Every structure is written in C-alpha cells, then in structure tokens.
4 protein chains.
Amino acid sequence: MVGTRRSLREVLGPVRTKEIEEAALRVIAARGLEGATMQAIADEAGLAKGTLYLYFEGRDELLIHLAESAFEELLASVDAALSGTEPARTRMEAGIAAQFSFFESRRDFFRVFVEVVHPGGAASARRKRSCNPLYQSFVSRFARFFREAHANGELHAPLPERLALFMAEGVNGLILNRLSEPNPPLPDEEVRWIVDSVLNGIEIRRSSS
Amino acid sequence: MVGTRRSLREVLGPVRTKEIEEAALRVIAARGLEGATMQAIADEAGLAKGTLYLYFEGRDELLIHLAESAFEELLASVDAALSGTEPARTRMEAGIAAQFSFFESRRDFFRVFVEVVHPGGAASARRKRSCNPLYQSFVSRFARFFREAHANGELHAPLPERLALFMAEGVNGLILNRLSEPNPPLPDEEVRWIVDSVLNGIEIRRSSS
Amino acid sequence: MVGTRRSLREVLGPVRTKEIEEAALRVIAARGLEGATMQAIADEAGLAKGTLYLYFEGRDELLIHLAESAFEELLASVDAALSGTEPARTRMEAGIAAQFSFFESRRDFFRVFVEVVHPGGAASARRKRSCNPLYQSFVSRFARFFREAHANGELHAPLPERLALFMAEGVNGLILNRLSEPNPPLPDEEVRWIVDSVLNGIEIRRSSS
Amino acid sequence: MVGTRRSLREVLGPVRTKEIEEAALRVIAARGLEGATMQAIADEAGLAKGTLYLYFEGRDELLIHLAESAFEELLASVDAALSGTEPARTRMEAGIAAQFSFFESRRDFFRVFVEVVHPGGAASARRKRSCNPLYQSFVSRFARFFREAHANGELHAPLPERLALFMAEGVNGLILNRLSEPNPPLPDEEVRWIVDSVLNGIEIRRSSS
DNA sequence: AATGAATGAGTATTCATTCAT
DNA sequence: TATGAATGAATACTCATTCAT
C-alpha cells in the first residue's frame, strides 16, 4: 500500500514533466519561442502557472530540458542510421535522412533548436551555455562516422569534425529553407542530391585523354 | 565659413547614426541581441535614450538598419570576389574567403545576422519579415556563380540555389564554430579545405583496374 | 466549508475590481484625469502596478469601466425619478435632483464624466468613441420624459432631445460651478429654481388690461 | 534709425506671438489638444521648437494665452450683442447667436475652450487655475444682462449669475452636440428656439375658466 | 534672434517568479 | 500537490524643456 503510494508519486513526476514539455512544444509551434510564456504553457497543459515550478526550476530550465529530450531522440535515430555495415554512402544518406525527418516532423521546434543550440544567441544571458554540448554530441556522431570511414579508406575526410559541422549546418540550412518553400522536393531526393554532391564533388574533371 | 557650419550639421547626422550603430554592435557583442536594450545602447553610445529615437524610428528599425549596413559591405565584397575570369575554383575560394573575413572581422555581429536573417526567429513577430531578402541576396550571389559555372561546364551544379544555400550555411557553421575554438586554423587554410572538399568530393573512388 | 473557500475566491475578484475603481476615483479627484497614472492608482489601492492588469485590460478599459459603473447608478436613479404618475413638474424636479445628488456625491468623478463623455476630448484618440452612448442614454431619459409630457399636454416641448440636452448641460454647469463656490445654496433650492425658471419662463408678460 | 530698429523688434514680438498662436490653433484643429505637441506647433509655424520658448514660457502658457486671445474676441462680440436699447429678447438672441457663431467658426477650438476653461480639468495639475476667470468673464456678461433686465422689469431673473451659467452651459451643450449632428438646424433657428423656450417657459398653463 | 540636437523623467504594459492558501 | 493572485523589475517609446552654436 505504502509502496503503491510512493510509486504513484514517483510515476506522476515524470508524467507531469512530459505533459508540460509537450504542452510547451505545442505552444512554441503555435506562437513562437517568444510567445511561449509560462502562462501560455500552463494553460496549454491545463495546469496552474505555479505548478510548472514544481517540475522545472524556471523557464530556462524548461526550455533546455525540452531541447535535451528532443536531442536524445535525434541522437538515437542518427546513431542507428550511421552504424551498420553498409557502404559509407548508404549510411550517410540514412544519417542525413534522419536529420531531415527529425526536423521536418518538428519543424516548429527547429527554431528552439537553433536558438538554444547556438551559444551566445539571443537570450543567452539567461540561458546556461551548457546547451551547446547537445549540438556537439549531434555533430560528433557524424564526425565519428567520417573518422571511421576515413580510416576504412571509404572516404577522404582528414578533418572529420569540421566536415561534420559543415555538413550539419549546410543540411540545416536546407531544411530551414524548406520551411518557406511552397513545394519543396521530397526529402529523399534532397538527401540523395546532397550526399551525391559531397561524395562525388561538383567539379567537372576533364579527362586528359 | 557659413558653408562649413552647415556642412558640420549635415555631417553630424550620419556620424551619430554610425556611432549608434557601432555602440549597438558592441552591446550585442557583449550581451546578446536580447540584451541590446535601447537603454544599454544609449549608455554605450554615451547618449540619452531619447536621442536614439532622433536617428532611428525604434528598436526594430535600428537592428534592421544594422543588418542592412553590414550586408551591403558583405555583398560588395562577395560580388567582387566571385566575378572575374579566373577559374571557378579560384573565384569560389575568394568568395568564401570574403564570407569568412566579413564574419571574422565582425564576429559579434554574426548573431544579429543569424537572427535577423532567419525568418521566424525569436523576436520576429515584431520585426518585419522583409529582412529575409538580405540573406536571399547574399545566397543568390553564390547561386548565380554556380549557375554560370554550370553553364560553362566548369562545375556540375544542377541545383545552384540549393547548393549555394547549403554552402553558405555550412560555411557559417564553421565560422560560428571558430568563435568558440581556442586555436582555429588560418581562415585561408579552412577556405581551401572547404572548396577542395566540395569540388573534388570526399569519396574515394577505387580504380577499377 | 469548502464552499466558503471557493466563494471567497470568487468574491475577491469583484472586490478588487471595486477597490481599484475606488482608488482610481480618489486619484482622479486628487490629481486629475491626466494625473491618474497606473502607478498612482496602484499606489492608492495599495497594490502593485501589475496587479491592475489582472483586473483591467489596460488604462483605457479601467477608465471606461469607471464611467460605465457610475452611469449605471445615475441612469437607475434618474429613471426612478422621472417615472411615476405625479405631475411633470414634480417628476422633473426629482430627475434633476437625482442628477444633482449623483454628481454632488461624486463630485470628483465629474471630470471623468465630462471628459470621457464628450467625444473628441483630449485623450480621445486612444479611447474608444463608444463611451458617448453613455451620455446619450442619460440625456435620452430626459428626452423621453419631455416627449411624453409634450404628448400629455403637460409641457410644450416640440424638440425634446434638444431640450433634454440643453437642460442636462445647463444643470451640469451649475453643479460644476458649485464645486468652486464657497457656500452654494442647498441643492433642493437650486433644483426648484431651475425647474421653475424653465417651466414658467423668465419673461415678464405685462397684462394687457 | 535706432528708433526704427527698436520698433522692428517691438513689432516682431507680437507678430510672432500671433503666428504661433494661429499655428497652434491649426494643429489643435487637426490633431486634438493632446496631439498639439510643441514640435507639431513649431512645424506648423515654420519655426524651430526652441523658438517657441522665446515667446511663451512653456506649453501651458501658450495654451492659456490661446484661450485668452480667443476669449477677448468672444467677449467683444457678446458685449456688442447684449448692449443696446432693443428689448431684452432681441438682445438675448443676439448674444446667444454670438456665442453660437464664435464656436461654430472655431469648432475645433471648442475643445480647448472646454478643457482649459473648466477648472481642475485633465491637465490641471500643471495648468494654472487662473484660466477660470476667462469663463467667468464670459458668463458674467450674460449675468449683467440678466441683472439689468431684471431691474428693468423686462425679465424675472432674481439669480442672474446662476441663470447666466445655466444658459451658457446649456447653449454650449447644444453647440457641442451640433458637431456630431449630420444636419443640424440653422443656428438662427436654434437660437430663437432656445430664447423662446427660456423666456416663455415650457409649461402649458391651463386657463382657469 | 533662432536653431534643433540632446536630454531624461515619465508612461503603459509584460511576464517570470513567489508564496499564502 | 496544486493553485493563481500578487509582485515589480524591465522595456520601448514620448515629449516638454534646455542650451551650445
């Protein structure tokens, strides 16, 4: 009995936490990051404003936690995509496709991601810099992939970290752009085109016959 | 003499405008975009709050003007770099180097750039969406370059706009990253590496003997 | 008990609203409409500035609500006075006495009344013009009275709306004047004198013997 | 020569003063009293903001002076109308007609009149109470008229000051109302109706057969 | 005498956070 | 645990007034 009670509490906490996070996500989707006031989140969650502070220290912590939760998903799906025994090209396509689908399915969260992630961005005075590691760990997945493929002799990637960052940001730019495009191409096509361009290069080499 | 007097006054306007812009830039550098309150900018400029409103209609206009001023410089230098008769590789290196040096010399402004430019970002509700064209015109310089090089047979760039965006964002990512690196490589090296990677591709093609 | 608690909360809203309105009234009395800043009202109410916004959407809404609340009282008492079966003279005296006592007991609010009511007044750009109907409905009570008395053959009032307005403003002028008079006559005397003058006329008609 | 110079100065002062007052009047007409900022008045007058302070101590003094100037006109025309040897009814009609035409020809100024004149009105904290006398002197013209007509045996006006005030305000109410009427009657008709009502009274007296 | 750049106190309003219930 | 009333610091913006030129 006592055990039941205790576990109820222990279970309720994470549940409420999740509810609040999801409410916050919906609010951000609808009204932007700036419009995501504590009141708006509380309303959306069907809770009182003060209750939010029982589960999060404050607004900043809530947003950071939001980003972290989302990132865990992203990392998991990128990891799954990049690992395996297929050729590097195949895995790279899968990894970037994962990046695409993550942000496409949460396009509204994308802005939070961008803002929370870029260190020193807008509200950085308040927000802890510690959000950065999130992005680092995302990028570093690709970096590891490049490093291994380089070691394998599959890819020529002597600067895997930089390459990973370059790719990640370039892809993000494309995804962001898609948000404002009326009829963007299918994600898969875009992924294939990116990977193809980067792997093959875009320079036309004249055959010295 | 009278002419001198008059010109003094006429000159003061642009000077103050510039002073304020520079103060704003410094504040943004130190405290982020959100921390760039009118009071903080006025303090930094050694002026009274109200004085700012003699030169700018309001905060939004000031920030937009800031971005525009900077962009004009960027566009001019990118244009100069990309035009010419040298081979595509050379010009591309020059163009990206221009992008590098622009942001390296104004690294603090980078954030404004990013935020003002990305439509829908944090404070976008207030800001006019019209800032977007700034970024568009920057990217479109590279797009045009790719389109022409594609027509020339110098590059394989069937989707020049997307490629330009991908490159621009990728490069921005690298620049941004440099801000937090203790000892970043020389910009020129980094530029060469990027261009090389993109032009040649990173896949190692086995000779089919 | 639980019911008591709940009703406590539900009761607090109107109470606070009333408190704020009364504080606002006091401030207006002491410092004029323009001096009735949100800060001043909050101070007078013993509340924080922000609290005011929990009960009123903003300054304009507060002032309008103030006027409306007061008007409802006025209308009710004028209605009661003008209706009935007594002779027109008696009811008219009662109606004007109601107008008198309303403004005498709230002399400080009089200014709000005047300003809020007169369309196009000072701060009218902000305020919705819709306040006007308040005054209209007050005047129209007298207009109806005159119209009916005219139909009855009790009074000669072929232009009841104009007459009502003329009377209302004339009486207001007298009330306003009383505010600065050291020893104004008793309201009742003044009312009788007004009604007498208007009903009998002031011209001395010589008997044509 | 010296004399000429000096007189130039002496003449310029009043001229500028007049120019500024007229500019102020135009601004008030167009933008309301609250919109009559020093800048707006200066622009309208084709002068610099600072110049206004050479002719008026400040905004309040300017507005008061404005009211005073206008009142002098009003008083003169009312005086002319009320004096004479015609019967009281005729002179009273002329006096009220003067009041009508004054405000009809300066309808935009009417609001200033109302606000500046009513002691304790909106901005009264700043404005000196001394504006009141303006209104007093206007009203007192009618008061004197009633007193004399009472003494003459032409009118029954035992309380001439109150009657004058009552009439003045009542008439003002009608004028003000005309501002928002689409097709107000001719002023002369309205004047005749008012005077007739007040002189004859509106009560229908049954003949005691 | 005339200017207009500079000032800064003052305004309404927002919202993260606290705490008594 | 949950509430939501209360808070007050912070923000953008206005405008009467001053004063060096």
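Owing to the predicted nature of the structure, the values given are computational and were not obtained by experimental measurement. Chain A is the first sequence line, chain B the second, and so forth, proteins listed ahead of strands; every chain is numbered from 1.
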Arg59(D) atom CZ is separated from dT14(F) atom P, nearest whole Å, by 16 Å
Is there a side-chain contact between Thr51(C) and the phosphate of dA5(F), meaning an N or O under 4.0 Å from OP1 or OP2? no
Can you sort out the partners of Phe56(B) under ring pair (Phe, Tyr, Trp, His ring centres under 6.0 Å), two or more places apart, ordered by chain and number? His65(B)
Can you see which heavy atom on Leu62(C) is nearest to which on Ala24(C), and at what distance? CD2-CB, 3.9 Å
Provide, to the nearest angstrom, the distance between the CZ atom belonging to Phe56(B) and the P atom belonging to dA5(E). 15 Å
Any Ile28(A) side-chain heavy atom under 4.5 Å of Leu66(A) side chain: yes
side-chain hydrogen bond (donor to acceptor under 3.5 Å, both in side chains) filter on Ser69(D), not counting sequence neighbours, yields Glu21(D)
Reading DNA chain F 5' to 3', how would its secondary structure be written in dot-bracket notation, given Watson-Crick and G-U pairs with both distances under 3.5 Å, brackets [ ] for crossing pairs and | for partners on other strands? .||||||||||||||||||||
What is the distance, rounded to the nearest whole Å, between atom CG of Asp60(B) and atom C1' of dT11(F)? 12 Å
Taking only the side-chain heavy atoms of Leu54(D) (C-beta and beyond), determine which of dA1(E), dT17(F), dA16(E) contains the nearest atom. dA1(E)
Enumerate donor-acceptor pairs with a distance under 3.5 Å from any side-chain N or O in residues 43-50 of chain D to protein atoms, sequence neighbours excluded.
from	atom 1	to	atom 2	distance (Å)
Asp43(D)	OD1	Gln39(D)	NE2	2.8
Glu44(D)	OE2	Arg26(D)	NE	2.6
Glu44(D)	OE2	Arg26(D)	NH2	3.4
Lys49(D)	NZ	Gln39(D)	OE1	3.3

What is the separation between atom CG on Leu62(A) and atom C1' on dT17(E), rounded to the nearest whole Å? 14 Å
Figure out the CD/P separation between Glu19(B) and dA5(E), and round it to whole Å. 14 Å
Under the salt bridge (charged side-chain N to carboxylate O under 4.0 Å, His left out) rule, collect the residues that match up with Glu61(C), sequence neighbours excluded. none
Which residues, if any, of residues 37-50 of chain D bring a heavy atom under 4.0 Å of DNA chain E? Leu47(D), Ala48(D), Lys49(D), Gly50(D)
Under the side-chain contact (heavy atoms from CB on, under 4.5 Å) test, which residues partner Tyr55(C), sequence neighbours left out? Arg16(C), Thr17(C), Ile20(C), Thr51(C)
Over how many whole Å does the gap from Leu52(D) atom CG to dA1(E) atom P extend? 14 Å
Does Arg16(A) put a side-chain nitrogen or oxygen below 4.0 Å from OP1 or OP2 of dT1(F)? no
Take the protein atom OH of Tyr53(C) and the nucleotide atom P of dA12(E), then report the distance between them rounded to whole Å. 6 Å
Using a 4.0 Å heavy-atom cut-off across all strands, classify Tyr55(B) as base, sugar-phosphate, or nothing. sugar-phosphate
Roughly how many Å is it from CG in Leu63(B) to P in dT11(F), rounded to a whole number? 14 Å
Does Arg31(D) have any side-chain hydrogen bond (donor to acceptor under 3.5 Å, both in side chains) partners at least two apart in sequence or in another chain, and if so, which? none
Among all residues two or more places apart in sequence or in another chain, which pass the side-chain hydrogen bond (donor to acceptor under 3.5 Å, both in side chains) test with Glu22(A)? none
